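Notes follow the structure.
This is a predicted model, so every value here is computed, not measured.
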Protein chains: 2
Amino acid sequence: MENGKEFLHNYIKKHGLKKSAQRDKILDIFLSVGGHLSVDNLTEIVKEKHPEIGYSTIYRSLYLMQKAGIAERVELGDGITRYENMLGNKRHYHFVCQQCGKLIEFYDPLIESKIKISAAEADFSIERYRLDAFGVCSECRKKNNHSPKTKNSEG
Amino acid sequence: MENGKEFLHNYIKKHGLKKSAQRDKILDIFLSVGGHLSVDNLTEIVKEKHPEIGYSTIYRSLYLMQKAGIAERVELGDGITRYENMLGNKRHYHFVCQQCGKLIEFYDPLIESKIKISAAEADFSIERYRLDAFGVCSECRKKNNHSPKTKNSEG
DNA sequence: CTCATTGCAAAGCCTTTGCATGGAG
DNA sequence: CTCCATGCAAAGGCTTTGCAATGAG
């Protein structure tokens with residue numbers, strides 16, 4: 001997926017850091033899984049394939065990858081920290097299904113331009129932004145209709 | 001600020017719960033401070049005025065207030081959990097200054113309608129959404145020009 | 001009276017950190 | 001050789017939880 005390793009090595013060289021087998025392995029897994037990978041999930045896979053790699057190395061690599069512009073942290077407020085691959089990934093927003101956890105990406109350039117206009121009006125200089133919508137995806141809504149659950153759990 | 005207490009008591013009655021002095025006190029403080037209050041900040045103020053109130057009660061009250069629609073949790077990815085007053089508060093988005101931490105609210109109905117259109121296209125049913133833009137506010141940019149800081153901390 | 005609420009302290013969870021060892025440049 | 005990276009386990013920070021006591025309805 002893109003030349004991620006090259007990207008990482010570039011960053012490493014440029015910053016006087018050092019390559020390492022662990023970093024490469026973690027990067028490989030991260031890139032190969034794709035999508036929005038939770039730290040937990042990544043850790044699981046890494047540990048499975050390379051039990052000798054420690055947790056801290058994973059966290060540290062994620063941090064590095066973020067700095068290098070390879071990964072971006074995604075926080076959805078559910079306590080799970082995810083990272084998504086930024087290489088060759090277009091800007092996008094998220095629909096988050098609160099039932100199955102699925103993430104659907106969407107984008108609308110008009111939204112972006114409107115945000116920029118609002119920023120200009122507020123004299124605010126935007127570095128990055130996020131737009132996440134929470135709800136229920138199509139599939140889950142269908143499932144709900146077929147086998148409705150008790151609905152008075154809380155309000 | 002609005003009839004928050006009434007709102008809370010309604011919710012409490014409706015759900016077979018019980019009123020308590022602690023909840024009222026916490027609510028009072030929450031409402032009187034306004035804005036985007038961090039749990040830490042709220043706790044500080046509550047403890048100051050009512051040292052006998054425990055941490056857990058604060059967390060539990062926040063949760064209750066959220067359920068009751070009085071407060072909304074705001075997570076900006078900086079590890080600080082904030083809550084904002086939802087009573088008589090219009091829907092809005094955030095500009096988050098990464099230098100001074102200030103939160104500026106903005107809103108554009110067109111953004112909202114565009115999001116809804118995208119949701120309809122994806123057959124996704126939105127319950128709530130958030131839009132946060134991170135950057136530097138006007139004031140901080142001015143400060144930066146007057147007394148520029150070293151700029152090669154990291155990259 | 002009954003059951004929700006409280007306060008305390010303990011437990012949890014995820015993440016970071018300190019340190020000695022190993023490895024890249 | 002020098003200094004960065006690693007792994008382990010311990011430490012952290014924030015939140016939740018268990019439990020006996022308290023208090024609302």
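Among the nucleotides D:dT15, C:dT15, D:dG7, the one closest to any side-chain atom of A:Gln22 is D:dG7. Distances were taken from every side-chain heavy atom of B:Lys19 (C-beta onward) to each of C:dG7, D:dA24, C:dT16; the shortest belongs to D:dA24. Residue A:Thr81 places its side chain closer to C:dT15 than to any other of C:dT15, D:dC8, C:dC8. Ranking C:dT6, D:dT6, D:dT15 by closeness to the B:Tyr59 side chain, first place goes to D:dT15.
In the interface, the side chain of A:Ser56 is paired with the base of D:dC8 through a donor and an acceptor atom under 3.5 Å apart. Counting atom types as modelled, A:Lys18 pairs a side-chain N or O with a base atom of C:dA24 as donor and acceptor under 3.5 Å.
For A:Thr57 and B:Arg73, each mapped to the nucleotide of DNA chain D holding its nearest heavy atom, the one lying further toward the 5' end belongs to A:Thr57. The nearest heavy atom of DNA chain D to A:Leu64 and to A:Tyr55 marks one nucleotide each, and the one closer to the 5' end goes with A:Leu64.
Grouping the Ile, Leu, Val, Met, Phe, Trp and Tyr side chains by contacts below 4.5 angstrom, directly or via other members, places A:Val136 apart from A:Phe95.
For the pair A:His9 NE2 and D:dC4 C1', the computed distance is 15 Å after rounding to whole Å. For A:Tyr63 and D:dA5, the OH to C1' distance is 15 Å, given to the nearest whole Å. Look at CD on B:Glu44: it is 12 Å from P on D:dC14, rounded to the nearest Å. Look at NZ on A:Lys25: it is 17 Å from P on D:dA5, rounded to the nearest Å. If you measure from atom CD of A:Glu75 to atom C1' of C:dC14, you get 11 Å, rounded to the nearest angstrom. Following rounding to the nearest Å, B:Lys47 (NZ) and C:dG7 (C1') show an atom-to-atom distance of 8 Å. Atom CG in A:Leu76 sits roughly 16 Å away from atom P in C:dC14 (whole-Å rounding). To the nearest angstrom, P of C:dC14 lies 14 Å from OH of A:Tyr83.
A:Arg23 comes within 4.0 angstrom of sugar-phosphate atoms only, judged by non-hydrogen atoms across all strands, and of no base.
Salt-bridge formation is detected for the pair A:Glu139/A:Lys102: a Lys NZ or Arg NE/NH1/NH2 atom is positioned less than 4.0 Å from an Asp or Glu carboxylate oxygen. Using a 4.0 Å cut-off between a side-chain N of Lys or Arg and a carboxylate O of Asp or Glu, A:Arg73 and A:Glu75 qualify as a salt bridge.
At distances below 3.5 Å, not a single donor-acceptor pair connects side-chain atoms of B:Thr57 with backbone N or O atoms of B:Ile53.
Ring planes of A:His15 and A:Tyr11: parallel class, angle under 30° (limits at 30 and 60°).
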